[in-house]
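Here is the structure we will look at, set down as C-alpha coordinates.
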Protein chains: 2
Amino acid sequence: MDNGEVPLCSLREVLDLVGDKWAIQVLVRLGDGPRRFSELERALPRVSRRMLSLTLRGLERNGLVTRTVYPEVPPRVEYTMTPHAMELDEPLHALSAWAAKHRAKVAEARRAFDVA
Amino acid sequence: MDNGEVPLCSLREVLDLVGDKWAIQVLVRLGDGPRRFSELERALPRVSRRMLSLTLRGLERNGLVTRTVYPEVPPRVEYTMTPHAMELDEPLHALSAWAAKHRAKVAEARRAFDVA
DNA sequence: CAGAATCCAACCGGATACTG
DNA sequence: CAGTATCCGGTTGGATTCTG
(Lines give C-alpha, C1' and ligand atoms only; values in the text may rest on other atoms or scores of the structure.)
Protein backbone atom coordinates (compact mmCIF):
# COMPACT_ATOMS: atom_id res chain seq x y z
CA MET A 1 0.00 0.00 0.00
CA ASP A 2 1.68 3.12 -1.22
CA ASN A 3 1.03 6.08 0.97
CA GLY A 4 1.66 8.58 -1.75
CA GLU A 5 -0.90 7.11 -4.11
CA VAL A 6 -3.86 6.29 -1.95
CA PRO A 7 -6.02 9.39 -1.72
CA LEU A 8 -6.97 9.03 1.87
CA CYS A 9 -9.75 11.55 1.92
CA SER A 10 -11.49 10.00 -1.06
CA LEU A 11 -11.32 6.68 0.67
CA ARG A 12 -12.88 8.09 3.78
CA GLU A 13 -15.60 9.64 1.67
CA VAL A 14 -16.69 6.33 0.15
CA LEU A 15 -16.57 4.60 3.48
CA ASP A 16 -18.72 7.35 4.90
CA LEU A 17 -21.19 6.68 2.11
CA VAL A 18 -21.39 2.91 2.18
CA GLY A 19 -19.30 1.82 5.13
CA ASP A 20 -22.00 1.75 7.73
CA LYS A 21 -23.67 -1.40 8.79
CA TRP A 22 -26.51 -1.69 6.29
CA ALA A 23 -25.91 0.59 3.28
CA ILE A 24 -24.25 -2.05 1.16
CA GLN A 25 -26.80 -4.68 1.98
CA VAL A 26 -29.46 -2.33 0.74
CA LEU A 27 -27.53 -1.33 -2.37
CA VAL A 28 -26.93 -4.90 -3.37
CA ARG A 29 -30.63 -5.64 -3.04
CA LEU A 30 -31.37 -2.72 -5.30
CA GLY A 31 -28.88 -4.10 -7.77
CA ASP A 32 -31.39 -6.15 -9.69
CA GLY A 33 -33.93 -3.42 -9.90
CA PRO A 34 -36.25 -1.10 -8.00
CA ARG A 35 -37.63 -2.30 -4.70
CA ARG A 36 -40.40 -1.16 -2.42
CA PHE A 37 -39.78 -0.38 1.21
CA SER A 38 -41.60 -3.48 2.39
CA GLU A 39 -39.72 -5.67 -0.08
CA LEU A 40 -36.43 -4.46 1.32
CA GLU A 41 -37.77 -5.00 4.78
CA ARG A 42 -38.56 -8.63 4.02
CA ALA A 43 -35.28 -9.15 2.20
CA LEU A 44 -33.32 -7.81 5.18
CA PRO A 45 -34.92 -9.28 8.27
CA ARG A 46 -32.05 -8.28 10.48
CA VAL A 47 -32.42 -4.59 9.72
CA SER A 48 -34.95 -2.84 11.89
CA ARG A 49 -37.52 -0.68 10.14
CA ARG A 50 -35.99 2.37 11.70
CA MET A 51 -32.51 1.54 10.46
CA LEU A 52 -33.74 0.67 6.99
CA SER A 53 -35.44 4.01 6.83
CA LEU A 54 -32.40 5.91 8.04
CA THR A 55 -30.12 4.01 5.69
CA LEU A 56 -32.31 4.73 2.68
CA ARG A 57 -32.51 8.37 3.64
CA GLY A 58 -28.74 8.52 3.80
CA LEU A 59 -28.27 6.84 0.46
CA GLU A 60 -30.83 9.15 -1.07
CA ARG A 61 -29.15 12.19 0.39
CA ASN A 62 -25.86 11.20 -1.15
CA GLY A 63 -27.37 10.54 -4.52
CA LEU A 64 -26.86 6.80 -4.52
CA VAL A 65 -30.53 5.98 -4.45
CA THR A 66 -33.63 7.60 -5.88
CA ARG A 67 -36.89 7.60 -4.00
CA THR A 68 -40.09 7.62 -6.03
CA VAL A 69 -43.50 8.04 -4.47
CA TYR A 70 -46.47 6.82 -6.45
CA PRO A 71 -49.63 8.72 -5.56
CA GLU A 72 -51.76 5.68 -4.92
CA VAL A 73 -53.77 4.25 -2.08
CA PRO A 74 -52.26 2.42 -0.36
CA PRO A 75 -49.08 4.40 -0.92
CA ARG A 76 -46.25 2.86 -2.90
CA VAL A 77 -42.64 3.98 -2.70
CA GLU A 78 -39.86 2.61 -4.84
CA TYR A 79 -36.13 2.88 -4.36
CA THR A 80 -33.77 2.74 -7.31
CA MET A 81 -30.01 2.84 -7.62
CA THR A 82 -28.57 5.80 -9.44
CA PRO A 83 -26.12 5.31 -12.34
CA HIS A 84 -23.08 6.29 -10.31
CA ALA A 85 -24.05 3.96 -7.52
CA MET A 86 -24.00 1.16 -10.09
CA GLU A 87 -20.41 1.99 -10.87
CA LEU A 88 -19.56 1.01 -7.33
CA ASP A 89 -20.12 -2.56 -8.42
CA GLU A 90 -16.60 -3.22 -9.61
CA PRO A 91 -14.68 -1.61 -6.77
CA LEU A 92 -16.80 -3.52 -4.31
CA HIS A 93 -16.16 -6.72 -6.19
CA ALA A 94 -12.47 -6.13 -5.92
CA LEU A 95 -12.79 -5.74 -2.19
CA SER A 96 -14.85 -8.84 -1.67
CA ALA A 97 -12.49 -10.77 -3.91
CA TRP A 98 -9.70 -9.82 -1.54
CA ALA A 99 -11.79 -11.02 1.37
CA ALA A 100 -12.56 -14.31 -0.29
CA LYS A 101 -8.92 -14.86 -1.12
CA HIS A 102 -7.62 -14.11 2.34
CA ARG A 103 -10.49 -15.30 4.47
CA ALA A 104 -8.65 -18.35 5.73
CA LYS A 105 -5.58 -16.38 6.75
CA VAL A 106 -7.66 -13.82 8.56
CA ALA A 107 -9.55 -16.51 10.42
CA GLU A 108 -6.33 -18.25 11.35
CA ALA A 109 -4.72 -15.03 12.53
CA ARG A 110 -7.72 -14.39 14.68
CA ARG A 111 -7.59 -17.84 16.24
CA ALA A 112 -3.89 -17.52 16.94
CA PHE A 113 -4.37 -14.11 18.49
CA ASP A 114 -7.26 -15.17 20.65
CA VAL A 115 -5.58 -18.16 22.22
CA ALA A 116 -2.61 -16.06 23.21
CA MET B 1 -24.41 -3.86 -9.14
CA ASP B 2 -25.34 -7.44 -9.74
CA ASN B 3 -26.79 -9.09 -6.71
CA GLY B 4 -25.85 -12.57 -7.86
CA GLU B 5 -22.19 -11.71 -8.18
CA VAL B 6 -21.40 -9.57 -5.19
CA PRO B 7 -20.55 -11.88 -2.31
CA LEU B 8 -22.20 -9.92 0.40
CA CYS B 9 -20.65 -11.68 3.32
CA SER B 10 -17.13 -11.20 1.98
CA LEU B 11 -17.84 -7.55 1.58
CA ARG B 12 -19.06 -7.25 5.13
CA GLU B 13 -15.94 -9.06 6.28
CA VAL B 14 -13.57 -6.54 4.71
CA LEU B 15 -15.55 -3.63 6.00
CA ASP B 16 -15.41 -5.16 9.43
CA LEU B 17 -11.65 -5.31 9.06
CA VAL B 18 -10.90 -1.86 7.72
CA GLY B 19 -14.19 0.01 7.73
CA ASP B 20 -13.90 1.58 11.13
CA LYS B 21 -12.83 5.10 11.68
CA TRP B 22 -9.07 4.76 11.87
CA ALA B 23 -7.92 1.40 10.50
CA ILE B 24 -7.25 2.62 6.99
CA GLN B 25 -5.45 5.72 8.15
CA VAL B 26 -3.13 3.49 10.12
CA LEU B 27 -2.66 1.02 7.28
CA VAL B 28 -1.79 3.73 4.82
CA ARG B 29 0.82 5.10 7.20
CA LEU B 30 2.33 1.64 7.46
CA GLY B 31 2.36 1.49 3.69
CA ASP B 32 5.85 2.92 3.36
CA GLY B 33 7.36 0.75 6.01
CA PRO B 34 7.38 -0.19 9.67
CA ARG B 35 6.44 2.47 12.16
CA ARG B 36 6.72 2.80 15.89
CA PHE B 37 3.77 3.55 18.08
CA SER B 38 4.85 7.08 18.76
CA GLU B 39 5.50 7.73 15.08
CA LEU B 40 1.97 6.71 14.25
CA GLU B 41 0.75 8.86 17.09
CA ARG B 42 2.50 11.89 15.67
CA ALA B 43 1.40 11.10 12.13
CA LEU B 44 -2.23 10.85 13.23
CA PRO B 45 -2.81 13.69 15.65
CA ARG B 46 -6.58 13.28 15.50
CA VAL B 47 -6.47 9.72 16.77
CA SER B 48 -6.41 9.42 20.51
CA ARG B 49 -3.79 7.17 22.02
CA ARG B 50 -6.46 4.85 23.23
CA MET B 51 -8.05 4.53 19.78
CA LEU B 52 -4.69 4.06 18.09
CA SER B 53 -3.93 1.26 20.48
CA LEU B 54 -7.29 -0.42 19.97
CA THR B 55 -7.05 -0.03 16.20
CA LEU B 56 -3.61 -1.57 16.07
CA ARG B 57 -4.75 -4.42 18.29
CA GLY B 58 -7.64 -5.07 15.92
CA LEU B 59 -5.45 -5.01 12.85
CA GLU B 60 -3.00 -7.32 14.53
CA ARG B 61 -5.73 -9.69 15.55
CA ASN B 62 -6.93 -9.97 11.99
CA GLY B 63 -3.48 -10.54 10.62
CA LEU B 64 -3.19 -7.26 8.78
CA VAL B 65 -0.40 -5.94 10.95
CA THR B 66 2.51 -7.50 12.76
CA ARG B 67 3.64 -6.21 16.12
CA THR B 68 7.29 -6.58 17.00
CA VAL B 69 8.69 -5.79 20.42
CA TYR B 70 12.40 -5.07 20.67
CA PRO B 71 13.78 -5.92 24.10
CA GLU B 72 15.48 -2.63 24.69
CA VAL B 73 15.34 0.16 27.19
CA PRO B 74 13.42 2.30 26.51
CA PRO B 75 11.11 -0.20 24.85
CA ARG B 76 10.61 -0.08 21.10
CA VAL B 77 7.65 -1.55 19.29
CA GLU B 78 7.25 -1.64 15.56
CA TYR B 79 4.17 -2.24 13.48
CA THR B 80 4.43 -3.71 10.01
CA MET B 81 1.88 -4.51 7.35
CA THR B 82 1.51 -8.14 6.44
CA PRO B 83 1.73 -9.26 2.79
CA HIS B 84 -1.97 -9.79 2.40
CA ALA B 85 -2.73 -6.41 3.86
CA MET B 86 -0.58 -4.94 1.11
CA GLU B 87 -2.80 -6.56 -1.46
CA LEU B 88 -5.59 -4.36 -0.21
CA ASP B 89 -3.87 -1.51 -1.95
CA GLU B 90 -5.50 -1.97 -5.34
CA PRO B 91 -9.06 -2.60 -4.19
CA LEU B 92 -8.85 0.48 -2.01
CA HIS B 93 -7.53 2.49 -4.92
CA ALA B 94 -10.50 1.42 -7.00
CA LEU B 95 -12.81 2.64 -4.29
CA SER B 96 -11.16 5.99 -3.86
CA ALA B 97 -11.05 6.42 -7.61
CA TRP B 98 -14.81 6.05 -7.64
CA ALA B 99 -15.06 8.66 -4.93
CA ALA B 100 -12.84 11.08 -6.78
CA LYS B 101 -14.83 10.62 -9.97
CA HIS B 102 -18.22 11.12 -8.38
CA ARG B 103 -17.39 13.54 -5.63
CA ALA B 104 -19.08 16.48 -7.34
CA LYS B 105 -22.31 14.59 -7.93
CA VAL B 106 -22.41 13.40 -4.37
CA ALA B 107 -21.86 16.90 -3.08
CA GLU B 108 -24.55 18.27 -5.36
CA ALA B 109 -27.02 15.56 -4.38
CA ARG B 110 -26.39 16.42 -0.77
CA ARG B 111 -26.99 20.11 -1.32
CA ALA B 112 -30.20 19.43 -3.23
CA PHE B 113 -31.41 17.09 -0.53
CA ASP B 114 -30.58 19.43 2.30
CA VAL B 115 -32.37 22.48 0.92
CA ALA B 116 -35.54 20.46 0.42
C1' DC C 1 -48.08 0.75 3.11
C1' DA C 2 -44.39 3.55 4.48
C1' DG C 3 -42.74 5.70 7.49
C1' DA C 4 -41.80 9.45 11.94
C1' DA C 5 -41.49 10.11 16.98
C1' DT C 6 -40.23 8.79 21.39
C1' DC C 7 -37.96 6.28 24.99
C1' DC C 8 -34.16 4.03 26.76
C1' DA C 9 -30.24 0.64 27.20
C1' DA C 10 -25.83 -0.50 25.27
C1' DC C 11 -21.90 0.81 23.25
C1' DC C 12 -18.24 4.11 21.80
C1' DG C 13 -14.71 7.03 22.35
C1' DG C 14 -12.33 11.21 24.60
C1' DA C 15 -9.86 12.85 28.76
C1' DT C 16 -7.14 11.79 32.37
C1' DA C 17 -4.23 9.17 35.25
C1' DC C 18 -1.32 5.30 36.07
C1' DT C 19 2.41 1.39 34.82
C1' DG C 20 6.31 -1.86 33.12
C1' DC D 1 8.42 4.56 25.22
C1' DA D 2 4.32 2.12 24.78
C1' DG D 3 0.89 1.26 26.39
C1' DT D 4 -3.47 0.03 30.14
C1' DA D 5 -7.31 1.41 33.44
C1' DT D 6 -10.98 4.09 34.73
C1' DC D 7 -14.43 7.46 34.48
C1' DC D 8 -18.00 9.50 31.93
C1' DG D 9 -20.70 12.20 28.36
C1' DG D 10 -22.43 11.49 23.71
C1' DT D 11 -24.10 8.67 20.16
C1' DT D 12 -26.30 4.56 18.35
C1' DG D 13 -29.85 1.61 17.56
C1' DG D 14 -33.70 -1.57 19.11
C1' DA D 15 -38.60 -1.70 20.74
C1' DT D 16 -42.67 0.39 20.72
C1' DT D 17 -46.17 3.48 19.48
C1' DC D 18 -48.39 6.74 16.43
C1' DT D 19 -49.77 8.68 11.58
C1' DG D 20 -51.01 10.10 6.55
Side-chain angles (χ1 to χ4, degrees), chain A residues 8 12 15-27 29-30 33-62 64-82 113-116, chain B residues 8 12 15-27 29-30 33-62 64-82 113-116:
Chain A
L8 250 187
R12 190 95 296 286
L15 292 179
D16 286 343
L17 295 183
V18 302
D20 65 70
K21 212 169 180 206
W22 305 115
I24 286 197
Q25 316 268 339
V26 171
L27 281 182
R29 293 304 171 162
L30 293 179
R35 289 287 180 274
R36 304 179 57 164
F37 187 87
S38 55
E39 291 180 304
L40 291 171
E41 210 174 357
R42 274 191 299 278
L44 303 164
R46 309 183 45 172
V47 188
S48 69
R49 175 171 304 189
R50 171 190 150 89
M51 276 299 96
L52 180 56
S53 178
L54 290 179
T55 300
L56 285 167
R57 211 64 62 233
L59 292 171
E60 186 194 0
R61 179 170 118 93
N62 292 306
L64 297 181
V65 153
T66 303
R67 179 173 180 268
T68 312
V69 182
Y70 295 90
E72 304 171 0
V73 180
R76 180 162 60 103
V77 177
E78 276 192 357
Y79 292 91
T80 314
M81 283 182 76
T82 60
F113 186 93
D114 289 344
V115 298
Chain B
L8 249 186
R12 187 95 298 287
L15 292 178
D16 287 343
L17 296 181
V18 301
D20 65 71
K21 213 170 179 201
W22 305 115
I24 287 197
Q25 317 267 337
V26 171
L27 281 182
R29 294 301 169 163
L30 293 179
R35 289 286 180 273
R36 305 180 56 164
F37 189 89
S38 55
E39 292 179 303
L40 290 171
E41 211 174 356
R42 274 190 299 278
L44 303 164
R46 310 183 43 174
V47 188
S48 70
R49 174 171 304 188
R50 170 189 149 89
M51 277 298 96
L52 179 57
S53 178
L54 291 178
T55 300
L56 285 167
R57 213 64 63 232
L59 291 172
E60 187 195 0
R61 178 169 120 93
N62 292 304
L64 297 181
V65 153
T66 303
R67 179 173 180 269
T68 312
V69 182
Y70 295 90
E72 307 171 358
V73 180
R76 180 162 60 102
V77 177
E78 276 191 355
Y79 294 91
T80 314
M81 282 182 77
T82 59
F113 186 93
D114 288 346
V115 298

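Quick note on labels: first sequence line is chain A, next is B, and so on, each numbered from 1. Computed from a prediction, not measured in an experiment: that's the story for all the values here. When reading the values below, keep in mind they use all heavy atoms of this one structure, side chains included, and skip hydrogens, waters and symmetry mates.
Taking atom CG of residue A/Leu54 and atom C1' of nucleotide C/dA4, one finds them 10 Å apart after rounding to whole Å. B/Met51 places its CE atom 19 Å from the P atom of D/dA2, with the value rounded to the nearest Å. One atom, NZ of B/Lys21, and another, P of C/dC12, lie 14 Å apart when rounded to the nearest Å. Atom pair A/Arg50:CZ and D/dT11:C1' shows a separation of 11 Å (rounding to whole Å applied). One atom, CG of B/Leu59, and another, P of D/dG3, lie 13 Å apart when rounded to the nearest Å. Here the P atom of nucleotide D/dT4 and the CG atom of B/Leu52 are 10 Å apart, to the nearest Å. B/Arg57 has its CZ atom 17 Å from the P atom of C/dC12, to the nearest Å. The nearest whole Å value for the distance from the CZ atom in A/Arg42 to the C1' atom in C/dC1 is 10 Å.
The nearest pair of heavy atoms linking B/Leu64 to B/Leu27 is O-CD2, 4.3 Å. Residue A/Lys21 comes nearest to B/Arg12 through the heavy atom pair O-NE, 3.7 Å, listed as atom of the first residue, atom of the second, then distance.
Neither OP1 nor OP2 of C/dA2 sits under 4.0 Å from any side-chain N or O of A/Ser53. For C/dG3, the OP1/OP2 oxygens have a side-chain nitrogen or oxygen of A/Arg67 closer than 4.0 Å. Remark: A/Ser38 is not in phosphate contact with C/dC1, judged by side-chain N or O atoms under 4.0 Å from OP1 or OP2. Phosphate contact (OP1/OP2 of D/dA15, side-chain N/O of A/Ser48, threshold under 4.0 Å): absent.
Side-chain contact between B/Arg67 and B/Val77: present, with at least one pair of heavy atoms (C-beta onward) separated by less than 4.5 Å.
B/Arg49 comes within 4.0 angstrom of a base, heavy atoms only. Here B/Arg46 lies out of heavy-atom contact (under 4.0 Å) with every strand. Across all strands shown, A/Tyr70 has no heavy atoms under 4.0 Å from either base or sugar-phosphate atoms. Nucleic acid contact for A/Arg36: sugar-phosphate only, since backbone atoms but no base atoms lie under 4.0 Å from a heavy atom of the residue.
The nearest heavy atom of DNA chain D to A/Pro75 and to A/Trp22 marks one nucleotide each, and the one closer to the 5' end goes with A/Trp22.
Panel note: side chain A/Ser53, backbone A/Arg49; no donor-acceptor pair is recorded below 3.5 Å.
In summary, A/Glu39 and A/Arg42 do not engage in a salt bridge, as defined by a charged side-chain N under 4.0 Å from a carboxylate O.
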